[in-house]
Amino acid sequence: MQETYGLDLAQTFTCGQCFRWHPDGRGGFTGAAGGRTLSITPAEIPLLEKDPFWRTYFDLDTDYDALREQVCAAAPALREAARAAQGMRILRQDPWEALCTFILSQNNNIPRITGIITRLCACLGGPSEPAPPPGPLRQAADPHPFPTAGRLAACSPEDLAPLRCGFRARYVLDAAQKVASGQINLQALRHAPLDEARAALQTICGVGPKVADCALLYGLHRMDAFPVDVWIRRAMPMYLPGVDPLVFGDAAGLAQQYLFAYARTRACG
DNA sequence: CACCAGGCTCCGA
DNA sequence: TCGGAGCATGGT
């Protein structure tokens with residue numbers, strides 16, 4: 001267990017934080033990030049530590065045992081949920097990609113979100129970046145990397161029509177323009193006060209409290225962000241009656257992810 | 001054919 | 001501040 005960093009691929013990829021990883025049907029996953037594609041099985045997890053990009057992406061250097069203890073100490077009722085999802089990691093995704101992804105996720109369902117993201121990369125992604133260094137990992141240059149903010153900022157709503165993302169198209173374009181112009185500096189939000197970071201993101205048309213905190217948690221790895229969606233809204237009173245997310249401090253995002261995974265499992269049977 | 005999907009904007013109290 | 005309709009689209 002030690003050499004795998006406790007990472008569980010299924011828990012990590014199916015907890016709703018990302019939309020570009022797909023199960024291969026045999027316990028492994030194939031996906032894309034940072035201009036690369038990767039196919040990986042649980043047995044190949046130890047290989048990740050030798051690759052600087054994937055080591056960071058899978059957050060192998062964060063002490064999740066300590067964070068999990070912090071969460072459980074703040075809310076003992078979460079102990080069962082946290083144990084069940086202890087192999088889940090908060091991926092260090094690209095900030096722009098995460099923001100864009102969760103703008104597209106609003107009032108939408110996961111299969112359709114996945115389709116929109118796929119078409120977004122297929123239609124507007126690229127060009128591919130240099131191939132990753134050779135090694136034992138089954139990785140390659142992504143032929144359709146997630147489109148940059150600059151690329152999308154130059155697009156019109158008609159250009160996004162093939163995505164079939166509906167009213168979200170103008171939200172994505174507004175976000176792209178604000179990021180590409182520098183009006184919003186995503187990296188600067190990584191260490192800004194939480195309320196300031198939220199307020200900055202919510203100046204984007206189509207970005208409210210939920211999407212803003214998703215962008216902060218998944219895109220900037222801000223574990224103090226707490227994206228309250230319909231699941232959490234329903235699960236909080238049921239599993240954590242009277243608990244204020246503030247008690248989790250800088251592990252609030254991880255706490256909500258444990259709760260989300262747990263609530264979904266229960267709701268789906 | 002209704003209803004819903006990891007919300008948000010806009011509008012009227 | 002708060003509640004509710006409207007939003008585009010595809011799946012069930």
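Letters go in sequence order (proteins before strands), and every chain restarts at 1.
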S.K.: For A/S39, enumerate each residue passing the side chain to side chain contact (heavy atoms under 4.5 Å, CB included) test, keeping only those at least two apart in sequence or located in another chain.
M.R.: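 Applying side chain to side chain contact (heavy atoms under 4.5 Å, CB included) to A/S39 gives A/T30, A/R138.
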S.K.: What is the distance, to the nearest angstrom, from the CZ atom on A/F226 to the C1' atom on B/dG6?
M.R.: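 It works out to 13 Å between those atoms.
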S.K.: What residues, two or more places apart in sequence or in another chain, satisfy salt bridge (charged side-chain N to carboxylate O under 4.0 Å, His left out) together with A/R68?
M.R.: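 Salt bridge (charged side-chain N to carboxylate O under 4.0 Å, His left out) check on A/R68 returns A/D65.
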S.K.: Starting from C1' on B/dA5, measure out to CG on A/L104 and report it in whole angstrom.
M.R.: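 About 14 Å, once rounded to whole Å.
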S.K.: Hey, can you tell me if A/Y218 and A/F102 have their rings parallel, tilted or perpendicular (30° and 60° cut-offs)?
M.R.: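 If you compare the ring of A/Y218 with that of A/F102, the planes turn out parallel.
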S.K.: Using atom P in both nucleotides, what's the gap between C/dG6 and B/dA2 to the nearest angstrom?
M.R.: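 Going atom to atom, P in each nucleotide, I get 15 Å.
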S.K.: Could you pull out all residues at least two apart from A/D63 that satisfy salt bridge (charged side-chain N to carboxylate O under 4.0 Å, His left out)?
M.R.: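 None.
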S.K.: Within 45 degrees of the axis of the six-membered ring of A/W231 and under 6.0 Å from its centre: does A/R233 put its NZ or CZ there?
M.R.: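 Ring-cation test returns no.
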S.K.: Contact class for A/F102 (heavy atom, under 4.0 Å): base, sugar-phosphate, or nothing?
M.R.: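 No contact.
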S.K.: How would you summarise protein contacts on nucleotides 7-12 of chain C per nucleotide, using B for base, S for sugar-phosphate only and - for none, with heavy-atom distances below 4.0 Å?
M.R.: BBBB--
S.K.: Tell me, please, which residues at least two apart from A/C15 pass side chain to side chain contact (heavy atoms under 4.5 Å, CB included).
M.R.: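 For A/C15 the side chain to side chain contact (heavy atoms under 4.5 Å, CB included) partners, ignoring immediate neighbours, are A/Q17, A/M88, A/Q257.
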S.K.: Should A/R190 and A/Q187 be marked as a side chain to side chain donor-acceptor pair (under 3.5 Å) after you check the CA-CA gap, both sets of side-chain angles, and the distance that decides it?
M.R.: CA-CA 5 Å; A/R190 194 180 294 276; A/Q187 291 297 344; 3.0 Å; yes
S.K.: Can you name the side chain to side chain contact (heavy atoms under 4.5 Å, CB included) partners of A/A200, sequence neighbours left out?
M.R.: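 Only A/L189 meet the side chain to side chain contact (heavy atoms under 4.5 Å, CB included) criterion with A/A200.
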S.K.: Using a cut-off of under 3.5 Å, enumerate the N/O to N/O pairs linking the protein to nucleotides 11-13 of chain B.
M.R.:
none

S.K.: Within this structure, what is the CG-to-C1' distance between A/L99 and B/dG6, rounded to whole angstrom?
M.R.: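 Result: 16 Å.
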S.K.: Would you sort out whether A/L48 and A/L7 count as a side-chain contact (heavy atoms from CB on, under 4.5 Å), showing the intermediate values?
M.R.: CA-CA 11 Å; A/L48 294 173; A/L7 166 65; 3.9 Å; yes
S.K.: Please list, chain by chain and in numerical order, all residues satisfying ring-ring contact (aromatic ring centres under 6.0 Å, His included) with A/F248, sequence neighbours excluded.
M.R.: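 Here no residue qualifies.
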S.K.: Between atom CZ in A/R264 and atom C1' in B/dG6, what is the gap in whole Å?
M.R.: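 Taking CZ of A/R264 and C1' of B/dG6, I get 8 Å after rounding.
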S.K.: Can you pull out the residues from residues 235-259 of chain A that lie within a 4.0 Å heavy-atom distance of DNA chain C?
M.R.: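 The answer is none.
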S.K.: Can you tell me the distance, in whole Å, between the CD1 atom of A/I113 and the P atom of B/dC4?
M.R.: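 Rounded to whole Å, this separation is 18 Å.
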S.K.: Give every residue pair that meets the ring-ring contact (aromatic ring centres under 6.0 Å, His included) criterion with at least one member in residues 148-192 of chain A, sequence neighbours excluded.
M.R.: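 Only A/F167-A/Y171 qualify under ring-ring contact (aromatic ring centres under 6.0 Å, His included).
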S.K.: Looking at every strand, decide which applies to A/I110 at a 4.0 Å heavy-atom threshold: base, sugar-phosphate, or nothing.
M.R.: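 The residue A/I110 makes base contact.
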S.K.: Within residues 193-214 of chain A, which residues have any heavy atom lying less than 4.0 Å from an atom of DNA chain C?
M.R.: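 None, since no heavy atom is under 4.0 Å.
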S.K.: Distance check, P atoms only: C/dA8 and B/dC10, in whole angstrom units.
M.R.: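 Rounded to whole Å, the distance is 12 Å.
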S.K.: When rounded to the nearest Å, what value does the distance between C1' atoms of B/dC3 and C/dA5 take?
M.R.: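 The answer is 16 Å between these two C1' atoms.
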S.K.: One pair to check against side-chain contact (heavy atoms from CB on, under 4.5 Å): A/I103 and A/L99. What are the steps and the verdict?
M.R.: CA-CA 6 Å; A/I103 287 174; A/L99 169 63; 4.0 Å; yes
S.K.: Select base, sugar-phosphate, or nothing to describe what A/F19 touches, counting heavy atoms under 4.0 Å on all strands.
M.R.: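 A/F19: no heavy atom of the nucleic acid under 4.0 Å.
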S.K.: Applying ring-ring contact (aromatic ring centres under 6.0 Å, His included), name anything that partners A/Y64, two or more places apart in sequence or on another chain.
M.R.: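 If we apply the ring-ring contact (aromatic ring centres under 6.0 Å, His included) test to A/Y64, skipping adjacent residues, there are no hits.
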S.K.: For C/dG10 versus B/dC8, give the span between their P atoms, rounded off to a whole number of Å.
M.R.: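 Comparing P positions in C/dG10 and B/dC8 gives a spacing of 22 Å.
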S.K.: Which word best sums up how the rings of A/W96 and A/F146 line up, parallel for under 30°, tilted for 30 to 60°, or perpendicular for over 60°?
M.R.: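 The rings of A/W96 and A/F146 stand perpendicular, inter-plane angle above 60°.
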